[in-house]
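Structure first, commentary second.
Both ligands and their constituent atoms are indexed starting at 1 by order of listing. Every heavy atom of this structure was used, including side-chain atoms; hydrogens, water molecules and symmetry mates were not.
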Amino acid sequence: MAHKKPVIVVTRKLPDVIETRMMELFDTRLNLDDHPMSKAELIEAVKVADVLVPTITDRIDAAVLSQAGPNLKLIANFGTGVDHIDLASARQRGITVTNTPGVLTEDTADMTMALILAVPRRLAEGERLMRSGEWKGWSPTFMMGHRIWGKRLGIIGMGRIGQAVARRAKAFGMSIHYHNRKRVHPDIEAELEATFWESLDQMLARMDVVTIHSPHTPATFHLLSARRLQMLQPHAYVINTSRGEIVDENALTRMLSRGELAGAGLDVFEHEPAVNPKLLGLDNVVLLPHLGSATLEGRVDMGEKVIINIKTFTDGHNPPDRVLASML
Ligand code: 8YV
């Protein structure tokens, strides 16, 4: 007799090849119109699923998990960050959580580098001017930005993505500085010619550009607080492609509008999809709608990782990308 296939509930639309493969392998319930699921729908999902495949747009909190049916044993997150999942509640209920690390490193680092270039060189501002039809022509002092070559980049969080950003930035002539819970291997420091700062505060005060690559955890919430933002030099730029919650968005906006910081490149926001309306009115910021890992190749790789995690788990093995609370 054929084994019953596990019931997989996928909360958002995934690339076609991934959905097709999931339909072949599992008893898969798809979200055909891709609407963000309401709390009631998420509760219904955890009641019926053996495996839930959520994304960042689903808040899998203790209240949702308290309604989980007895069959829910795995949350195979589509994405690396798991700050939308209450890991402690999941663990208490014996639910394993997996994510998709590694496959979005290069895409996210590319987008970070794009912002590091775009903000000081005023790319978005120039583009807006062209579209407005108001460009009056070239002049020697027109729309001058600032040079990237020779500037100091301070990387907060020197994991995979932080290091991939460092490699790119080094090729653009930036000097690499970083703050991390742990110092990285000396070989990596040597390759990147990177300077380690044990004190984040001391590093911030000396950087030209600061970029964030830490996970969002209780320890990193508002890591760039109003107090720390004040330590930055007024010519400094802030780049964030990790999680909006790591920066005090109101304090950042206030400082940008007063000219106390030179600019910001933001791909993530504290209350996504809401954006502080004052940010929208500022010329010295480049705002993106959480596009860091949004490539077709990346999304397919993420989906494949989700499938491998589900398949190994439902076959009775340890899934490769298990998230342990101690890893955060
Ligand atoms: C994903 C991300 O698109 O993987 C992450 O942590 O931030 C994004 O790049 C999103 O989380 C998918 O759920």
Could you tabulate the donor-acceptor pairs under 3.5 Å formed by side-chain atoms of residues 144-158, not counting sequence neighbours?
residue: Lys151; atom: NZ; partner: Arg147; partner atom: O; Å: 2.8

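- Classification of the His177-Trp197 ring pair by plane angle, with boundaries at 30° and 60°, yields tilted.
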Cut-off 3.5 Å, no hydrogens considered: what does the side-chain donor-acceptor table look like for residues 5-17, sequence neighbours left out?
residue: Lys5; atom: NZ; partner: Glu24; partner atom: O; Å: 3.0
residue: Thr11; atom: OG1; partner: Val53; partner atom: O; Å: 3.4
residue: Thr11; atom: OG1; partner: Asp58; partner atom: OD2; Å: 2.6
residue: Arg12; atom: NE; partner: Asp34; partner atom: O; Å: 3.1
residue: Arg12; atom: NE; partner: Asp34; partner atom: OD1; Å: 3.0
residue: Arg12; atom: NH1; partner: Thr57; partner atom: OG1; Å: 2.9
residue: Arg12; atom: NH2; partner: Asp34; partner atom: O; Å: 2.9
residue: Lys13; atom: NZ; partner: Asp16; partner atom: OD1; Å: 3.1
residue: Lys13; atom: NZ; partner: Glu19; partner atom: OE1; Å: 2.9

Under the criterion side chain to side chain donor-acceptor pair (under 3.5 Å), I'd like the reasoning laid out for Tyr178 against Glu189: C-alpha separation, chi angles, the key distance, then a yes or no.
CA-CA 10 Å; Tyr178 75 98; Glu189 263 190 20; 2.6 Å; yes
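- The immediate protein surroundings of ligand 1, defined as residues with any heavy atom under 4.0 Å of it, consist of Thr55, Ile56, Phe78, Gly79, Thr80, Gly81, Leu104, Arg243, His290, Ser293, Arg299.
- Among all heavy-atom pairs drawn from Thr98 and Ala76, the shortest one is OG1-CA, 3.2 Å.
- Met143 belongs to a hydrophobic cluster with Leu129, Met130, Trp135, Phe142, counting contacts under 4.5 Å between side-chain heavy atoms of Ile, Leu, Val, Met, Phe, Trp and Tyr, direct or through other members.
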